Amino acid sequence: ENLQVVERVTARAPVPIVVGVSAPGFAAMGALARASMDKGAAGVMVAPPSSLKTDGQIVSYYHNPAETLGELPFVQQDFPLVTDVVVPVDVILKIVEDCPTCVMLKHEDWPGRDKISALRKASDAGARRISILCGNGGLFLLEEMLRGADGAMTGFSFPEMMADVVSAANAGEIDRARDLFDAYMPFIRYEAQPGMGLAIRKHVLAERGAIAHATLRKPGGSLNAAAQAEVAALLARQAARLADLGCCGFWSTRRPPRPWPPNSAPPSRPSTLTNAPITSTCRASCQSCGPTRSIQCATRARARFRPPP
């Protein structure tokens, strides 16, 4: 099943794909890693097992994946809230020094922005520089970018938020990055609820037409009517705020389940979510769509968020 997912995603994604291959045994890790790379992955990610208790154990552990994976590039995942393994800055630097194929850190420590600053200070002083991509649902993405992160590697219902914030920050347009981040922040906060986040995300992605349905595997749940109403209210305000910023946010239309032909607009299909009112800022782009704001919004959005076949 892992490989089926890898094959489907790598065949459709226009960006490099990193596959998580953490496993109790290194043979299984290596087999999944090699198979994933054969199917088009750009690299693999390894998290430390919760059995590691000392700095020396952490460093020694990562020697094993480096040896098992050979020349395959790997990402070190730093997510102590889940793994219960706290990895200090000097340990990360030691792993990077000892393992040339460790090319990236997935930073998910919380709070951990000082860790990003320390790693960048070390690389400025001569340590090997690696990429730093951040997780935690994008909760601190802007601040992490300002500390020296390279981007995001996380889940959120609106991945274009992360792309736009990162692009604005890299261009030095910090006020623009803040405005965009602030527009999405209420929903970032809402989606970050423990135990509900994935159900919320799949609900919105299904409404956007990116996935066929919002079902979670058991014991995962679904959103009740009250939660769906909360989502609709938050997204209506988000769409209005993005319109004020000159963005034509695409949340209010469910897209067809298959890609449409290039240079053509998808059919108008209003979402079950409440549609945000058209403001004067976005009226010029959406005047042909009527109240549902469907065709033009989808046309503008499809280049950044293309659903799978």
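This one's a predicted model, so the numbers in the text were calculated from it and none came from an experiment. Positions are given from 1, in the same order as the sequence printed here.
Residues Val103 and Ile130 have side chains not in contact (no heavy-atom distance under 4.5 Å, counting atoms from C-beta outward). Between Val18 and Phe74 there is no side-chain heavy-atom pair separated by less than 4.5 Å. Using a 4.5 Å heavy-atom cutoff, the side chains of His203 and Val231 are in contact. Contact check for Ser36 versus Leu3: side-chain heavy atoms found under the 4.5 Å cut-off. Residues Leu234 and Pro186 are in side-chain contact: their nearest non-hydrogen atoms beyond the backbone lie under 4.5 Å apart. Leu245 is listed as a side-chain neighbour of Arg176, based on a closest heavy-atom distance under 4.5 Å.
Remark: side-chain polar atoms of Glu191 are paired, donor with acceptor, to backbone N or O of Ser157 under 3.5 angstrom. Remark: side-chain polar atoms of Ser22 are paired, donor with acceptor, to backbone N or O of Ala47 under 3.5 angstrom. The closest donor-acceptor contact from the side chain of Thr10 to the backbone of Gly40 lies at 3.5 Å or more, if one exists at all. Side chain of Arg128 to main chain of Glu97: no donor-acceptor pair is present (N/O by atom type, distance under 3.5 Å, no hydrogens or angles). In this structure, Asn136 contributes its side chain and Leu139 its backbone to no donor-acceptor pair below 3.5 Å. Remark: the backbone N or O of Val96 is not paired with any side-chain donor or acceptor of Tyr62 at under 3.5 angstrom. Judged by distance alone, with hydrogens and angles left aside, the side-chain atoms of Glu67 form no donor-acceptor pair with the main-chain N or O of Asn64 at under 3.5 Å. Put simply, the side chain of Gln228 gets close to the backbone of Leu223: a donor and an acceptor are under 3.5 Å apart. At distances below 3.5 Å, not a single donor-acceptor pair connects side-chain atoms of His107 with backbone N or O atoms of Ile116. Counting only distance, with no hydrogens or angles, the side chain of Arg12 and the backbone of Arg8 share a donor-acceptor pair below 3.5 Å.
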### Intermediate values then yes/no, salt bridge (charged side-chain N to carboxylate O under 4.0 Å, His left out), Asp90 and Lys94
CA-CA 6 Å; Asp90 58 343; Lys94 180 61 175 172; over 6 Å; no

- Run the numbers on Glu230 and Arg189 for salt bridge (charged side-chain N to carboxylate O under 4.0 Å, His left out), then give the verdict. CA-CA 13 Å; Glu230 291 168 348; Arg189 170 193 61 83; over 6 Å; no

Check your understanding: Hey, mind stepping through Arg147 and Asp114 against salt bridge (charged side-chain N to carboxylate O under 4.0 Å, His left out) and telling me if it holds?
Key -> CA-CA 8 Å; Arg147 294 291 191 109; Asp114 287 345; 2.8 Å; yes

Please report the C-alpha distance between Tyr61 and Ser51 in whole Å, then the side-chain angles of each, then the deciding distance to 0.1 Å, and finally whether the side chain to side chain contact (heavy atoms under 4.5 Å, CB included) criterion is met. CA-CA 10 Å; Tyr61 173 81; Ser51 59; over 6 Å; no

Check the pair Arg178 / Leu146 against side chain to side chain contact (heavy atoms under 4.5 Å, CB included), numbers first and verdict last.
CA-CA 11 Å; Arg178 291 189 185 280; Leu146 296 177; 3.6 Å; yes

Q. Which is it for Val165 and Met162 under the side chain to side chain contact (heavy atoms under 4.5 Å, CB included) test, yes or no, and what are the steps along the way?
A. CA-CA 5 Å; Val165 169; Met162 294 178 279; 6.0 Å; no

- [ ] Report the C-alpha distance between Asp150 and Arg120 in whole Å, list the side-chain angles of each, state the deciding distance to 0.1 Å, and finish with yes or no for salt bridge (charged side-chain N to carboxylate O under 4.0 Å, His left out).
- [x] CA-CA 11 Å; Asp150 295 293; Arg120 288 301 181 232; 2.7 Å; yes

- Message: Between Gln76 and Val87, does the side chain to side chain contact (heavy atoms under 4.5 Å, CB included) criterion hold? Intermediate values first, please.
- Response: CA-CA 10 Å; Gln76 178 190 164; Val87 187; 3.8 Å; yes

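The shortest non-hydrogen separation linking Pro88 to Val86 is CD-O, 3.4 Å. Between Val166 and Ala152, the closest heavy-atom pair is CG2-N, 4.4 Å. The minimum heavy-atom distance linking Tyr190 with Ala227 is given by the pair OH-O, 3.7 Å. When every heavy atom of Leu72 is checked against every heavy atom of Thr101, the shortest pair comes out as O-CB, 3.6 Å. A pairwise comparison of heavy atoms in Leu133 and Met104 identifies CD1-SD, 3.5 Å as the closest pair. Minimum interatomic distance between Ala169 and Ala177 (heavy atoms only, all atoms of both residues): N-CB, 4.1 Å.
Leu198 belongs to a hydrophobic cluster whose other members, connected by ILVMFWY side-chain contacts under 4.5 Å either directly or through intermediates, are Leu216.
Criterion: ILVMFWY side-chain heavy atoms under 4.5 Å apart, direct or through other members. Under it, Ile132 and Leu81 are not part of a common hydrophobic cluster. Grouping the Ile, Leu, Val, Met, Phe, Trp and Tyr side chains by contacts below 4.5 angstrom, directly or via other members, places Met185 with Trp110. Two different hydrophobic clusters hold Phe79 and Leu52 under the rule that ILVMFWY side chains link at heavy-atom gaps under 4.5 Å. Residues Met161 and Ile174 share a hydrophobic cluster, clusters being chains of Ile/Leu/Val/Met/Phe/Trp/Tyr side chains in contact below 4.5 Å. Cluster membership for Val75 and Val9, using ILVMFWY side-chain heavy atoms within less than 4.5 angstrom, is not shared.
A distance of 12.0 Å separates NE2 in His63 from CD1 in Ile58, rounded to the nearest 0.5 Å. Here CG of Leu93 is found 9.5 Å from CD1 of Ile95. Values are rounded to the nearest 0.5 Å. With rounding to the nearest 0.5 angstrom, the CZ atom of Arg241 is 5.5 Å from the CG atom of Asp179. Atom CG of Asp109 sits about 4.0 Å away from atom NZ of Lys115, to the nearest 0.5 Å. Atom CE of residue Met29 and atom CG of residue Leu32 lie 9.5 Å apart, to the nearest 0.5 angstrom. Between Met153 atom CE and Glu108 atom CD the span is 8.5 Å, to the nearest 0.5 Å.
No salt bridge links Arg129 with Asp124; every basic N to acidic carboxylate O contact stays at or beyond 4.0 Å. Contact check on Glu1 versus Arg217 returns a salt bridge, with a Lys/Arg side-chain nitrogen under 4.0 Å from an Asp/Glu carboxylate oxygen.
Tyr184 and Phe158 have tilted rings, their planes meeting at an angle from 30° to 60° on a 0 to 90° scale.
Taking the centre and axis of the six-membered ring of Phe140, the NZ or CZ atom of Arg113 falls inside the cone set by 45° and 6.0 Å.
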